[in-house]
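Chain identifiers are assigned alphabetically (A, B, ...) following the order of the sequence lines, protein sequences preceding nucleic acid strands; residue numbering begins at 1 within each chain.
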2 protein chains.
Amino acid sequence: MDPSRLATGALRAPGRRRANVPEATVARLPLYLRALHVLAEDGHQTVSSEALAEAAGVGSAKLRKDLSHLGSYGTRGVGYDVTNLVEQISAELGLEHRCSIVLVGVGNLGRALAGYGGFASRGLAIDALLDADQGRVGEVIAGLTVQHVEHLPQVVSTGSIGVIATPALAAQEVCDLLVAAGVTSILNFAPIVLTVPDGVDLRKVDLSVELQILSFHEHRKAALTAAGASA
Amino acid sequence: MDPSRLATGALRAPGRRRANVPEATVARLPLYLRALHVLAEDGHQTVSSEALAEAAGVGSAKLRKDLSHLGSYGTRGVGYDVTNLVEQISAELGLEHRCSIVLVGVGNLGRALAGYGGFASRGLAIDALLDADQGRVGEVIAGLTVQHVEHLPQVVSTGSIGVIATPALAAQEVCDLLVAAGVTSILNFAPIVLTVPDGVDLRKVDLSVELQILSFHEHRKAALTAAGASA
DNA sequence: AACTGTGAAACCTTTCACAGCT
DNA sequence: AGCTGTGAAAGGTTTCACAGTT
């Protein structure tokens with residue numbers, strides 16, 4: 001959110017050799033990682049920027065530029081070593097030491113997230129489920145027992161990621177609780193603008209926003225074809 | 001994806017007065033709309049760019065620039081008329097004529113999406129549920145009966161938006177079916193890269209990608225504090 | 001010959017600062 | 001006086017094209 005802080009001096013650590021990785025690049029690293037896993041399972045040992053870009057759904061120049069921000073891990077004339085690149089990207093994303101994920105709000109969406117297998121595969125899995133509703137406390141979902149939201153401080157450890165899947169009205173309160181418990185990275189599914197202190201990273205996923213964006217494009221296309229028909 | 005196409009000649013329609021709205025602006029219009037609805041319910045008749053920006057979680061300069069792309073709907077010295085602005089943005093997003101939404105894949109996530117109230121409130125609601133699993137066909141979720149995916153052509157109408165909530169392996173096939181049925185706007189929740197023909201808009205929501213991005217920031221913060229401690 | 005890594009150009013987005021309207 | 005609308009500057013991202021390496 002405040003990119004200027006990304007560039008502040010603090011990271012002149014002893015043996016660091018790389019500059020800051022641009023935000024747009026970070027957002028694509030998970031895509032490359034996923035594509036690489038598929039390639040590895042297919043038995044590929046190396047991959048060209050062209051092929052990996054294709055698998056990840058981006059242009060090859062973009063891919064090379066992105067990877068160049070992590071360092072020079074390719075071999076000219078050959079391509080990238082799949083296993084090595086998986087390791088480099090995983091390291092960059094901090095996926096070595098599985099950080100814990102706590103999910104607050106076990107409604108429809110929370111349940112779906114808890115049961116979603118996509119996380120587990122790659123170093124990320126939900127470790128705790130919490131809810132404010134006593135009626136849900138004790139229920140077992142995807143192998144985890146739902147705890148009352150008051151136990152938040154006990155289930156949070158350093159480096160935990162918080163996921164908010166509560167109704168909009170409860171979201172800010174839950175967010176404050178997460179921050180108070182020391183969480184500095186939050187993913188919000190509630191359709192509301194949350195406020196967090198400096199130093200806390202907040203991302204949001206808003207389903208109806210996505211649909212409205214598509215609605216815009218659909219609307220525009222309809223207008224275009226109507227205009228085309230009248231021309 | 002290909003911004004150049006957005007700027008092609010085709011839209012020189014007779015009475016058009018506005019230029020193209022930038023993609024980044026489109027992505028924020030739904031946020032403004034939501035904030036405006038809240039303000040309207042609170043009884044506000046007008047709102048300043050400062051106040052609306054605050055409510056939407058953006059800067060006021062950005063908000064004004066965004067709204068200026070839609071036209072001049074504010075009054076200097078006063079602000080924006082809430083009701084009017086809601087109408088203008090709704091029109092821009094094409095939320096007048098409720099376009100139908102068909103959701104394919106009624107697993108955990110699909111169920112959650114079907115039951116999610118967030119859509120219904122604002123011109124967008126799911127109209128049909130489909131699944132490839134005969135065991136799920138006939139089930140009633142959120143007032144809708146699940147139909148077999150073969151009925152897709154019958155439930156799709158012009159301007160429909162397709163939502164894919166199937167497992168990754170089925171997603172491309174379902175996507176192809178949607179495209180064949182005439183859908184030109186698709187929202188994909190499956191963790192896989194989909195290929196669509198030109199002219200079809202594709203957006204994706206990937207939960208594990210979001211978590212991995214947060215993991216990166218968490219990791220970076222940890223590295224920073226470690227470096228800070230050693231300094 | 002094949003392919004990476006990267007300056008430079010083109011493009012898009014955000015921020016600033018203020019002219020101009022009410 | 002207060003606030004919008006907008007050129008211009010600053011910053012970030014993507015694309016191009018090719019030098020350099022294996």
Going by ring pair (Phe, Tyr, Trp, His ring centres under 6.0 Å), name the pairs with one or both residues in residues 75-95 of chain A, residues two or more places apart or in two chains.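 Those involving residues 75-95 of chain A do not exist here.
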
Answer with yes or no whether R76(A) presents, from its side chain, a donor or acceptor under 3.5 Å of a partner atom in the base of dT21(D).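 When only heavy-atom distances are counted, R76(A) does not reach the base of dT21(D) through any donor-acceptor pair under 3.5 Å.
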
Whole-Å distance separating the [atom1] atom of [X] from the [atom2] atom of [N]:
| X | N | atom1 | atom2 | answer |
| --- | --- | --- | --- | --- |
| E23(B) | dC11(C) | CD | P | 18 Å |
| D81(B) | dC3(D) | CG | C1' | 15 Å |
| L52(B) | dG2(D) | CG | P | 20 Å |
| H69(A) | dT4(C) | NE2 | P | 16 Å |

Verify the contact: side-chain N or O of Y80(B) to OP1 or OP2 of dG5(D), cut-off strictly under 4.0 Å; return yes or no.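 Result: yes.
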
dC3(C), OP1 or OP2 - any side-chain N/O from S49(A) closer than 4.0 Å?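 Answer no for this pair, as no side-chain N or O of S49(A) is under 4.0 Å from OP1 or OP2.
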
Can you pull the side-chain hydrogen bond (donor to acceptor under 3.5 Å, both in side chains) pairs that have at least one residue in residues 156-169 of chain B, sequence neighbours excluded?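 Applying side-chain hydrogen bond (donor to acceptor under 3.5 Å, both in side chains) to every pair that reaches into residues 156-169 of chain B, excluding sequence neighbours, yields S100(B)-S160(B), S157(B)-S160(B).
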
5' priority, DNA chain D, between G79(B) and P22(A) [closest heavy atom]: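 Result of the comparison: G79(B).
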
When you match E50(A) and A24(B) each to their closest nucleotide on DNA chain C, which lands nearer the 5' end?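 Looking at DNA chain C, the more 5' nearest nucleotide goes with E50(A).
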
For T75(B), check side-chain contact (heavy atoms from CB on, under 4.5 Å) against everything at least two apart and list the hits.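 Applying side-chain contact (heavy atoms from CB on, under 4.5 Å) to T75(B) gives V78(B).
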
My understanding is that only residues two or more places apart in sequence, or in another chain, count here; which of them pass side-chain contact (heavy atoms from CB on, under 4.5 Å) with E173(B)?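 With sequence neighbours excluded, E173(B) shows a side-chain contact (heavy atoms from CB on, under 4.5 Å) to no residue whatsoever.
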
If you measure only the distance, is there a donor-acceptor pair under 3.5 Å linking the side chains of Y116(A) and N108(B)?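 No.
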
Under 3.5 Å, which donor-acceptor pairs do the side chains of residues 178-187 of chain A form with other protein atoms, sequence neighbours left out?
unit_1, atom_1, unit_2, atom_2, d
T184(A), OG1, E218(B), OE1, 3.0
T184(A), OG1, E218(B), OE2, 2.9
T184(A), OG1, K221(B), NZ, 3.4
S185(A), OG, E218(B), OE1, 2.4

Which residues in residues 58-67 of chain A have a heavy atom closer than 4.0 Å to any atom of DNA chain C?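 Going residue by residue through residues 58-67 of chain A, the ones with a heavy atom under 4.0 Å of DNA chain C turn out to be R64(A), K65(A).
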
